[in-house]
Amino acid sequence: MIESWRWYGSGDPVSLRDIRQAGAEGIVTALHETPCGGLWTEEAVLERARLIKEAGMRWVAAESIAVHEDIKTRSGDWRHYLEVYKQSLRNLAKCGVRVVCYNFMPVLDWTRSILDFPMPDGSTVLKYDALRVAAFDLCILKRPGAEKEYPPETAENARALFASLNETERRRLADAILLGLPGTVDNLTPRQMLGMLGRYKNIDAERLRRNLYEFLDEIMPVCEEEGLFMAIHPDDPPRSIFGLPRILSTDEDMRRLVREVPSRHSGFTLCTGSLGGLYSNQPHLLMEEFADRVYFAHFRNTVFDSDCESFRESDSHLSGHTKMARVMQSLINEEERRRAAGCPLESIPVRPDHGKLMDIDLGKNCYAGYSYGGRALGLAELRGLHAGLKAHLPLVGKVALVTGAAGVLCSALVRSLLEHGAKVALLGRTRTKLEALAQELARDGFSETMVLVADVLDKTALEAARRALQSRWDRLDVLLNGAGGNAPGGSSAVEQCMPETPAEQSFFGMDPEAFEQVSRLNLIGTVLPSQVFGGMLSAAGGCIVNISSMAAFQPLTKVGAYGAAKAGVENFTRWLAVHLAPSGVRVNAIAPGFFITEQNRFLMMEKDGVTPTPRGLKVLAKTPMHRFGAPEDLCGALHFLLSPSASFVTGAIVPVDGGFSAFSGV
């Protein structure tokens with residue numbers, strides 16, 4: 001992450017010295033003195049870069065070379081403005097700036113209806129009040145046809161609100177909505193705005209999209225030649241206002257842009273505040289899905305009113321509608337992927353977007369959103385979040401596959417992986433169990449799962465599951481081989497074979513087919529998924545975690561087949577760890593102690609499900625913590641093995657047994 005700050009040039013009340021003292025290393029700026037459609041000359045670009053360098057920082061993104069309305073409407077002198085835009089890009093590239101933020105919003109680059117919404121601590125923030133916007137539209141702008149675009153109740157309430165405002169309040173409402181940003185348009189009057197809206201009378205969302213795609217098709221050759229990356233800013237707010245079309249407000253809008261303009265030099269500015277202005281949007285999921293096309297990021301948070309339409313800026317960049325920790329984790333993951341792959345733009349410029357106006361800003365002639373104190377606070381919050389996540393690294397944005405996913409232990413591990421941000425493929429033999437688990441998880445808010453039906457002993461079925469996984473997510477970071485278990489036929493009825501023990505109760509009466517079944521399920525059921533899915537694992541942090549057992553550490557009476565199979569799993573884990581080490585994939589195993597599962601319940605518990613059997617009592621006596629394990633007890637070991645903290649750990653078998661393996665019994 002390149003800690004960045006938006007600077008509006010020499011007229012900005014926040015100086016470069018202020019910005020550097022806030023800790024920023026990158027500057028995001030534009031030639032704001034150049035009118036929209038004007039040429040960014042090479043001399044002006046180099047001079048701006050020089051000023052920034054002398055202040056001890058670097059120019060990391062241009063925000064923005066504004067797109068002229070003639071280009072957006074593909075009318076008037078659009079060809080002239082297009083050629084000017086191309087030349088501005090070429091001149092910008094000469095000073096080493098590689099990221100260009102731009103937008104394709106008609107007329108207004110942003111809209112807020114209150115510039116000084118009061119907070120309990122005395123600071124103020126920006127707010128979009130849907131009813132106030134409607135009041136402006138209907139009663140100040142008086143846009144023809146606007147009445148038809150609002151529900152009757154909304155129109156009535158908007159008119160009532162307007163009637164309640166005095167002249168000063170009405171003027172402040174108009175000024176807030178018509179406020180322009182440097183380098184875009186000057187502050188408009190209602191008459192000017194109506195005139196500009198008229199240009200879009202016959203341009204719907206589909207037409208505007210085509211104009212965007214054609215604009216990008218025209219400039220992509222220049223970007224590819226110069227090594228520039230275009231990062232479109234989403235609509236702000238992400239909804240239709242004043243009858244204007246919106247074309248970059250949702251996940252499907254973003255997907256369509258990628259499909260229509262496949263060049264890697266076309267991507268996104270991931271603005272969590274703008275995208276977070278639509279209640280149905282989840283910016284953390286958008287960051288995860290489009291991470292490889294995110295070239296610039298604006299991080300801020302929003303808080304919605306009860307109508308889920310009106311929203312304000314949060315008083316903290318970390319709290320609100322957007323799960324900022326997950327957004328930041330996805331950014332960290334993407335930067336690590338780019339470094340491993342040798343991609344350009346390894347580090348992504350991130351700036352704190354907006355910020356509350358605090359007392360420290362009084363006298364600086366700035367308003368909420370573009371204050372110094374609020375943005376300095378936001379940058380500090382983002383810096384701390386980034387440092388904390390780099391030290392911890394949850395699994396946000398990563399894909400895991402769990403075999404035996406519907407089992408008692410593995411279903412708990414699945415839930416934990418999802419809680420830490422991973423997407424999880426649930427693989428097992430029984431569709432009904434897997435779908436029931438997926439539905440249960442979805443009810444709890446964990447919908448990023450997919451069901452894969454396959455027997456771990458059927459390589460053909462596993463290969464079909466791999467194709468389905470590739471089709472859905474096209475990556476794999478974690479393979480958890482959890483399928484396994486015991487069967488009564490693979491165990492002896494007695495712990496030791498005494499001279500008088502009937503053969504059918506001892507090893508000599510054990511069912512060879514059951515012995516082989518248990519061996520194949522546990523050992524071959526680990527080998528085949530590793531062979532089929534292991535090749536998908538990312539070299540940047542890819543992990544295989546196998547489930548072994550205490551029965552592999554020291555032979556346990558009765559469970560001869562199970563112990564032998566798990567000993568094989570341990571040996572295979574170490575062998576595969578050595579084999580795959582050069583590829584960057586780590587292979588480890590967890591050896592659970594005694595957990596009550598469906599396969600061992602008959603050995604550990606009486607039929608009442610509460611009372612330990614004599615064997616269960618023996619186990620508890622040899623377990624220093626004097627209890628059976630709970631499924632959640634395995635999660636910590638799993639997350640350690642998947643974390644960067646274990647980056648030098650491979651071929652290890654980690655016991656999670658309450659001290660069982662450490663205790664001699666004396």
Side-chain angles (χ1 to χ4, degrees), residues 1 3 125 128 233-234 236-238 249-255 268-294 296-306 308 311-337 348 350-356 377-400 414-424 441-449 473 477 635 639 642-643:
M1 176 179 81
E3 296 179 16
V125 298
Y128 177 93
H233 190 286
D236 188 2
S249 296
T250 68
D251 53 354
E252 185 50 42
D253 292 336
M254 296 172 75
R255 290 188 196 102
F268 302 104
T269 295
L270 200 289
C271 181
T272 60
S274 296
L275 291 167
L278 184 64
Y279 192 78
S280 58
N281 277 343
Q282 298 186 69
H284 65 283
L285 297 182
L286 297 176
M287 180 68 200
E288 291 169 21
E289 180 174 352
F290 300 102
D292 65 337
R293 291 293 185 104
V294 171
F296 185 27
H298 298 173
F299 283 175
R300 60 181 161 93
N301 229 315
T302 52
V303 176
F304 282 85
D305 289 355
S306 58
C308 295
F311 62 89
R312 62 170 174 82
E313 312 289 357
S314 174
D315 57 349
S316 167
H317 283 61
L318 305 187
S319 62
H321 179 66
T322 296
K323 296 179 180 178
M324 195 61 72
R326 288 192 60 169
V327 176
M328 183 67 80
Q329 188 62 65
S330 291
L331 182 140
I332 292 170
N333 292 347
E334 174 60 17
E335 289 184 331
E336 290 184 346
R337 183 197 69 80
I348 299 172
V350 176
R351 70 170 177 84
D353 193 22
H354 298 182
K356 59 185 181 180
L377 178 61
L379 182 60
E381 290 176 325
L382 296 172
R383 181 184 301 131
L385 178 62
H386 182 267
L389 290 174
K390 284 282 285 186
H392 179 54
L393 193 66
L395 299 171
V396 167
K398 296 194 175 182
V399 174
V414 164
R415 179 177 290 271
S416 184
L417 289 168
L418 289 163
E419 287 173 346
H420 284 74
K423 302 177 177 72
V424 183
L441 292 166
R443 285 194 297 270
D444 293 338
F446 304 114
S447 58
E448 295 169 84
T449 63
W473 287 323
D477 302 281
C635 297
H639 289 294
L642 300 181
S643 75

[X]: which residues meet the ring-ring contact (aromatic ring centres under 6.0 Å, His included) condition with it, sequence neighbours left out?
X    : answer
H298 : H233, F296
F290 : F268
H386 : none
H354 : W110, Y370

Problem - Evaluation steps, side chain to side chain contact (heavy atoms under 4.5 Å, CB included), between K423 and W473 - result: CA-CA 9 Å; K423 302 177 177 72; W473 287 323; 3.4 Å; yes

I want to check something: taking the side chain as every heavy atom from C-beta on, are [X] and [Y] in contact at a cut-off of under 4.5 Å?
X    : Y    : answer
D236 : C271 : no
M287 : T272 : no
V294 : L331 : no
F446 : V424 : no
H639 : L417 : yes
M328 : M1   : yes
K390 : E336 : yes

Handout entry: For R326, all residues meeting side chain to side chain contact (heavy atoms under 4.5 Å, CB included), sequence neighbours excluded
Key =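 Partners of R326 by the side chain to side chain contact (heavy atoms under 4.5 Å, CB included) criterion, ordered by chain and then number, come out as H284, L285, E288, K323, V396, E448.
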
Handout entry: Listed partners of S319 passing side chain to side chain contact (heavy atoms under 4.5 Å, CB included), at least two apart
Key =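 S319: side chain to side chain contact (heavy atoms under 4.5 Å, CB included) contacts with S314, D315, S316.
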
Exercise for the section: In sequence, state the C-alpha distance, the side-chain angles, and the governing distance for L270 and L275, and then conclude on side chain to side chain contact (heavy atoms under 4.5 Å, CB included). Expected result: CA-CA 8 Å; L270 200 289; L275 291 167; 3.8 Å; yes

Exercise for the section: Report the residue from E381, E313, H317, M324 that forms a side chain to side chain contact (heavy atoms under 4.5 Å, CB included) with N301. Expected result: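 Among the candidates, only M324 passes.
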
Can you name the nearest heavy-atom pair linking [X] to [Y], along with the distance?
X    : Y    : value
P234 : S274 : CG-CB, 3.9 Å
S249 : L278 : O-CD2, 4.1 Å
Y128 : P237 : CE1-CG, 3.6 Å

Are the side chain of [X] and the backbone N or O of [Y] linked by a donor-acceptor pair below 3.5 Å?
X    : Y    : answer
D253 : T250 : yes
T322 : G276 : no
D477 : V399 : yes

Nearest 0.5 Å, please: how far is [atom2] in [Y] from [atom1] in [X]?
X    : Y    : atom1 : atom2 : result
H420 : C635 : NE2   : SG    : 8.0 Å
T449 : R415 : OG1   : CZ    : 11.0 Å
L382 : R300 : CG    : CZ    : 12.5 Å
L379 : R351 : CG    : CZ    : 11.5 Å

